[in-house]
Structure formats: C-alpha cells, structure tokens
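Only a predicted model underlies this, so the values are computations on that prediction, with no experimental measurement involved. Each chain gets a letter, A, B and so on, in the order the sequences are listed, and its residues count up from 1.
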There are 4 protein chains.
Amino acid sequence: MSATPRVTVWNEYRHEKRNPRVQAIYPEGMHTVIASALQGAGFPVRTATLDEPEHGLSGEVLADTDVLIWWGHLAHGEVADEVVERVYRRVLDGMGLVALHSAHFSKIFKRLMGTGCDLKWREGDDHERLWVVAPGHPIAEGLGETIELAGEEMYGEFFDVPPPETLVFLSWFSGGEVFRSGCCYTRGSGKVFYFRPGHETYPTYHHPDIQRVITNAVRWAAPTLGAPRAFGNRPPLEPTRETA
Amino acid sequence: MSATPRVTVWNEYRHEKRNPRVQAIYPEGMHTVIASALQGAGFPVRTATLDEPEHGLSGEVLADTDVLIWWGHLAHGEVADEVVERVYRRVLDGMGLVALHSAHFSKIFKRLMGTGCDLKWREGDDHERLWVVAPGHPIAEGLGETIELAGEEMYGEFFDVPPPETLVFLSWFSGGEVFRSGCCYTRGSGKVFYFRPGHETYPTYHHPDIQRVITNAVRWAAPTLGAPRAFGNRPPLEPTRETA
Amino acid sequence: MSATPRVTVWNEYRHEKRNPRVQAIYPEGMHTVIASALQGAGFPVRTATLDEPEHGLSGEVLADTDVLIWWGHLAHGEVADEVVERVYRRVLDGMGLVALHSAHFSKIFKRLMGTGCDLKWREGDDHERLWVVAPGHPIAEGLGETIELAGEEMYGEFFDVPPPETLVFLSWFSGGEVFRSGCCYTRGSGKVFYFRPGHETYPTYHHPDIQRVITNAVRWAAPTLGAPRAFGNRPPLEPTRETA
Amino acid sequence: MSATPRVTVWNEYRHEKRNPRVQAIYPEGMHTVIASALQGAGFPVRTATLDEPEHGLSGEVLADTDVLIWWGHLAHGEVADEVVERVYRRVLDGMGLVALHSAHFSKIFKRLMGTGCDLKWREGDDHERLWVVAPGHPIAEGLGETIELAGEEMYGEFFDVPPPETLVFLSWFSGGEVFRSGCCYTRGSGKVFYFRPGHETYPTYHHPDIQRVITNAVRWAAPTLGAPRAFGNRPPLEPTRETA
C-alpha cells in the first residue's frame, strides 16, 4: 500500500476509569498513548472505545480504517457479535489487525484464529525480556536484540493459537516461562499481528521499543492493493496454445 | 498414538437418496464406501449421518473417535451449532479431522480455519491431476507422482483458507485452474487435513489412490498422547540453580 | 528500510550474444530490460554480468546493493565459488535476493536452499497461467487474479526446494503440470524470492505484470535495519526482579 | 514407513576419551547410551564414530540406515566432505536426520539449512526448561508440559537457521535466554530434526524424557515410502477430456 495507512486504536477503556493505579499510568486511557505514538510516526489515527455507540466501530469508521489496534480484557463479552462480524469481514477484505496483550481472548481474535487462545498467566511483577527471533522482519526494524520490561504480567505456554506463520518475538519471564510474543498470521487478504506486552498496571505502552513495534506492525499489516479474492461458478479458461 | 485409531465417517447422506446418478455410484452412501476402505486398512470404523439423532455425533461417539471424516454439501446449515461446538472442542483436545471436498464450507471447518473458506468451482467434467508436492509426507505414502481423476468438479484458487502449515497436493484442472488440494493444519492438540476430491456425481471415493490418501490421513491425524494443554493462573517456577 | 533500495541486476548474458532468437527479444540483454523497469519504478539500479571481472560483484558493489536480482542458466558452473560465498554472506547479513527462472540451479540459490533444487521442464510453448494464492502479500500488489503468459518453458513439480515460508504464485501449464512459482524464504537477516517465469526465448521480462512482480519483490526483499545477529559466548543476563 | 526404522547413531567420540569429567558420565561414549535407549524402544541400531574408516558411514551403512543421529563438536572440520555429500544425498532421498546439540555447527546440518547456524552460548550451569509448544506433535508424545534439566550449557537466540517448519520445543534458561530447541525441517524426501540439549559434561542423554524425545524423533523422521522425486525433460501430459 503506497498511501499512509489510517489507524483506529480500539480500547475497552474500563480499567483506566476504575483502577487508580491504572489511571495514574494512563490518565486518558491506553488508546490515547498508543494513538499519540502512531500520530508521531505520521499516521492519521482515530480512537474508538467500548462504551461508544457501536463501540465506535461503525461501518463508516471501519471502511476508513486500514489497520485496527485492539486492546480488551474485562469486557470481551460485551462486544456485540454484529460488530465482531463487521470487523471480521473487513480483516478478510484486507484491513490489518494488531491484537495487544489480553486481546488474545477477544471475540475477534478467537474468531480469526479458530482456536481457544488460552494461556498461562501470573500477575507477579516478572521481568519480561523479548528476544527478536526474526531479525530481518519489518516488525523488528530499529530494535536491538531484546526489549526489556522490568515488570509485566506473565503469559506462558502453551498458547493455544495456530502455529504462527512468522514468529517475531519470544518472551523470557523471570519466573520460569516462555511465550511466543509476536505472532504473524494471514486471514483472507488481511494480516493479523498478536503482540503480548501491555498489562494495564504497567507503563508498557509508554516504552519507546513497544511503541516502535506497534508502529512497525501498522506498516506491516497495512492492506496491499492486491489481487481480488473472487469466488463462485466459473467457465473454463482454456487458453489457445501458441503452437500445436 | 500407538493404538489403532478409531474412525467415525460422517456423511450428510442426502444426495445419495435424491439423485439417481449419485445413487448409482454410491447406493449405500459415500460414507459406506469410505468406511469399507478404512476397515480394509484395519481401523475400527463407525459411520454417522445428518439425519440421525444428534447427527450421530453424541458426546459418547466423539469420545470414542480418534479421527472424524466429514463430507457435507447441501445441508451445512442443518448441522446443529451444539454439535459443531462439540466436534470443535474434541479437535482442540486432539481428535483428528479429515474434511473432504465440499466440507470446505461446513460449519466445523470454517470454525477451525477462521476464514470464509470460499473458492471457485465448475461442474464441467474437468480432468483433475493431483501432484504430490511433499513427497516425504506420510499422507503421500505409497502414491506415485500424481493421482489422475478423469472427471471431477473443478475447485479453483483463491481458496480462502489460512496458508496451510504443510501443502501435500496441488491440483491441475484441464479447464485452466489450480488448487491447493491437500492442506494440513494444527488446531490445539488436534490435526486437520483438508482433501479436495470427491464430488458426489463421480466415483472418486472408489479410486484406490483416493482411498489410500484418506487412509494415510487417518494415520497422520490420529491423536498423539502428548503434552497436556494446561492454562490459567500459575505461581513462578523458578528453579534452584545447581551451582552458583 | 526507509531509504530507497539500491538494486543490482545480475545476468549471465550469454544466450543473448549467441542465439539470434534471444537477441531479437533482448538485444542488450535481459538485465537491461529488467534494470529499465526497476529504474522506472524509482530504484537506483546497476547491472553486472558473468564475464566482467569478479562477475561484476566485487565486495564494493555488494556493499552498495540492497537487493540482488539473479538470472543464470548455461554457465552456473563458471561462477566463482569465492563470489558465491561473498553473495551468500551478504544475504545472511540482510541483502535481498530475487532468483529468476533458471537461477533455481545457480550455486547461490542451491547454497541458500540446502536442497538439490531440481524440477521437470519442457521447451514446448506451453501456456502458463500464474494464480495469486496470497492476495494480500506485497509481492502481489496491483495484480489481477492471474498473470497470463501465452508461451513459456514449462517447469513442473516436484520442485526440490524446502517448503516456501510463503507461497505467492502457483503456475498452471497447458501441458498438464503445476509449479510453485513464487516462493519466499528467510535466510539470516536476508529475504529470498524465487520467481519462475523468464525463459530466454520468450519476451517474458517485457510483460508489465512480470515487471511489476519483480518491482514488488525488490520492495519486499529490501533489508530491514533490524535487530543485530549477535553470536558467541555470553554472561548471564539475569535481571533484577522488581519485587521480591 | 511400516517397517521398523533402522537407526545409526553417529558420534564424534573425542570428548569421552579425553575429558575425565565426560568419561565419568559416558564411559563408552554418548552414542552407546543413545543407542541403548533406542534399542530398548525396539529399533535395530548401529553406531559409527569419527575415527572409524569413512567415519563409519560407508555407502552400505547409509543404504541400511533409515534415521541417522548426529553428535559432533570439536572436530566438525575433520569430517570428510565426501562423507558429508553422501549423507546429504541420502537425506534428500528420504533418510531422516536427528542433529543433537553442538551438531548445529556440523557440516551436514549447515549444508541442509543453507545458513550459518550460529548462536549464543555459555557453559554456566544454567537450569534449562524445555516447554512443549506443539502438544499434538508426535515428537512430544508421552511428555509432560516441560522437560527439566538441572544443569546444561546455555544456547541462546538468535539461532541462525531458517524458520522451522514446525517448532516443538522452546527452552528457557535461568540466565535470561530463550532458544528454539526442537525444530523440524523437510529437505527433499527427508526429514530433519534439530534437538538442542546434550552438552557432554552433563548426563543429559541419560534423562528419560530426552531419550523419549530422541525415540519419538526417530519415528517421526523415518522415511515414507512416498511419491518419487523425478526430474528432467518431460512431454506434455494433456489428458483426454471425458466430455466435450
């Protein structure tokens, strides 16, 4: 895609309003911090949240969205099936989706994966170290060998997703676990990237490397003006042979 | 899995009762022909069909099934969501699924893929030639370089599935199309194999090579008594260092 | 990579000098036609050929090359092992490689694949139809569902390469074969794309869709300024736990 | 492959003769311990070592070998290129290869990978925990969620191999690193499995889980009597259309 991708950052936006610890870190919501980082990278960005009408994801908004970022946790069940279906169809038609942290359990991510997407977890102030295992991948551009997060929630294997088509990051946790933390998938004409970090009680989305990964992921997941996906009953295409 | 896998062959079983042309080829249903081939290979086999209670797929039947074969076409919408959910959970827990031909549009296959699973098609007596592109794969065991089907329905790309983890067969059609005809996937602890041939108006499931592929696929898809998939909140595992 | 990738088009450049039929199609060599197309797309391009000193691929040239295009056929054996080694190391360090047609048997491609890279072939004026099977992939950008080549040499499966990490094109040939025609690989920090069409006796590289694929492939294969590949003996990284 | 696979365990067999610490753990060599475990699993097993004529890998031995296990470290450079070439051709023709630990740097593994195969390392008595990330894979059969090794040499990312076709194990190291520890590849008709553990100064190959993984890997890597890999010039296959 040659044009600059238009981004919508979707956030459940509940923790920030209820939990003073989260509010201190993200006074205007995680989506605002992520949106600022993406605007700083030159993308046109809007935000949308659960409690807006249609969760802020009307057909018009999605039609104007090239890449959708998704953060949800407490209220996956409150996301309307109709909106999930709308996002799902847009992804198959080419819109990129970047699913962050607890979005592993969102309806839209589970729908696209075809698996349960469960995992192990611990809120225990683990040190998380993300190792780059695809050093030439565009999502790793500009990073060092690792990203260091002094405190994070642990997510551990087995992560019940299909094997990623490309694995970009592996996490090491001080408490003894590993996790496939950066996973690329293709669904229809769309690209999906799951990125693990971002528990609400840590300042993870303020971290420059994390912002860089999300920025890179937007570029990677942006739609390609590619070959159409065309289906249905077709007559034979038998070509004329040049010689006979 | 060391024990012999127990197979259930599921068939919609409608075409065979309504269409004399199909009845002539499969007087007792496609499932009976497939089941006979698998019994001949030494597997304990049962069959199940749409019009049985619970479509023949009670919890007890599924608990006793290591690999489920699925053929459906006209009546995907009549398969109860509750049964689809039951099959889905069994696959994640390790049961193999072999989806045949028009099962590409079955609820269970679409659920496991996370995509629309659409394709191009033509009932035009194309010649289909399946080329083996994974010659060392267990599903290709005992085959020659190609499988030749003198007449078949055409299925053409784009086939809207996730990129297969392993691609075993590619089909060439005389009318000008190609198709990824043998596609392997992992979902949870389960294995899924999609195999294209088998339109109801052709004697495809009587073909020895096709029977061999299905037999091989049962062996490949049989559950492994493997590592448990365990999830949820966990304390740290920090090991004692042996030396310091 | 934000900067515009610098391309070197390497051509064996023997057929064009010896065979009048080839000369009529490519009077100044295939490399010149490919280079013009890439210059038209805005890339700085140089060319290099077998009979130049060091085959035109000195260390300085390679250091200034972000993506190398390779066409060879008659004289794979004349390419000096030292130059092959130099190209190989540059690919692992991030330089993209686009291997065209009979380059499947080049020393550098076989070295990077780790397999024999053999295939079936026929000079028989087959019609070749390339189907896009990864519609959202950047290498398919701007294409329709197929690329039609009225006459081409046939390449048929089994193509003895590792399974491609991403399969972008499948070819259908009128004589009855299929081929994995657009194959993406990662090697070290570098990306490798194999693209099948381009027999010297056909005007394939004048075809706008073929030029578009090569242009797209250059963008896809361009190096990412990514995480370093660092190796060797390392002290422990044990982090300070935030809490205890 | 229905018949029981015949295994050859190849060992450099130098450390065991020179280093008393290694000798105490493997008095008759690592190959003997591994061979005993495989014999116990019912496979016909022979051993071969570097200092035998042709390193014990004559054409006759290889012709009688279905799966070759490889351990080497100090003396990769002493393995004759002619023997490497012989093993390479047998792998493409279907023989399985299980490369253990420091065999990542063996000539045969590097030849088959097409990359440098370098990594980070530390002899520091790390605790290694291998997590199963492919719970349904035959190589994980019979294991729990993890394999615990109280002391091992550390191997850390970036591991410079092509992305594995299937990733079975991920290692966590107490010193802060992760590693893709169980990697499956296809080369020609052959299967290759790399398995990380097994530094010579630890009793790793006496560990029942490690023996089980190697046993499972032999079954997985055993040749399939599959479709031939046939190459070269071919006439058209155009089929007679059944109808017109």
Side-chain angles (χ1 to χ4, degrees), chain B residues 1-2 91-94 96 124-129 131-152 165-166 168-169 172 174-175 186-191 202 216 219-230 237-244, chain D residues 1-2 91-96 124-129 131-152 165-166 168-169 172 174-175 186-191 202 216 220-230 237-244:
Chain B
M1 165 129 194
S2 29
V91 170
L92 296 189
D93 284 344
D125 282 333
D126 274 78
H127 185 105
E128 176 176 11
R129 172 174 298 127
W131 287 92
V132 174
V133 295
H137 197 277
I139 294 181
E141 183 153 16
L143 299 175
E145 287 196 281
T146 65
I147 301 173
E148 304 284 335
L149 299 172
E152 251 291 353
E165 296 164 31
T166 307
V168 182
F169 301 106
W172 175 96
S174 47
T186 306
R187 291 294 182 267
S189 291
K191 300 179 194 79
Y202 300 100
N216 289 343
R219 284 199 193 93
W220 173 81
T224 298
L225 299 171
R229 289 156 59 244
L237 291 167
E238 295 166 274
T240 306
R241 296 286 296 278
E242 292 302 286
T243 65
Chain D
M1 166 130 195
S2 29
V91 170
L92 296 188
D93 284 343
M95 183 181 74
D125 280 332
D126 274 78
H127 185 106
E128 176 176 12
R129 171 177 297 128
W131 287 92
V132 174
V133 295
H137 197 279
I139 294 180
E141 184 153 16
L143 299 175
E145 289 196 279
T146 65
I147 301 174
E148 304 285 335
L149 299 174
E152 252 290 353
E165 297 165 30
T166 307
V168 182
F169 301 106
W172 175 96
S174 48
T186 306
R187 291 294 183 267
S189 291
K191 300 178 194 77
Y202 300 100
N216 289 344
W220 172 82
T224 298
L225 300 171
R229 288 156 59 244
L237 291 169
E238 295 167 275
T240 306
R241 297 284 297 275
E242 292 301 287
T243 66

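- Gly136(D) and Lys191(B) make their closest contact through O-NZ, 2.9 Å (heavy atoms, listed as atom of the first residue, atom of the second, distance).
- Interface check for chain B: of the options Pro228(D), Gly188(D), Ala134(D), the most heavy-atom pairs under 4.5 Å are formed by Pro228(D).
- Closest non-hydrogen pair, Ala227(B) versus Pro135(D), comes out as O-CB, 3.4 Å.
- Closest of all the heavy-atom pairs between Thr224(D) and Glu141(B) is CG2-CB, 3.3 Å.
- Considering CD of Glu148(D) and CG of Leu237(B), their distance stands at 7.0 Å, rounded to 0.5 Å.
- Only the side chain of Trp131(D) comes within less than 4.5 Å of a heavy atom of chain B; its backbone N, CA, C and O stay farther away.
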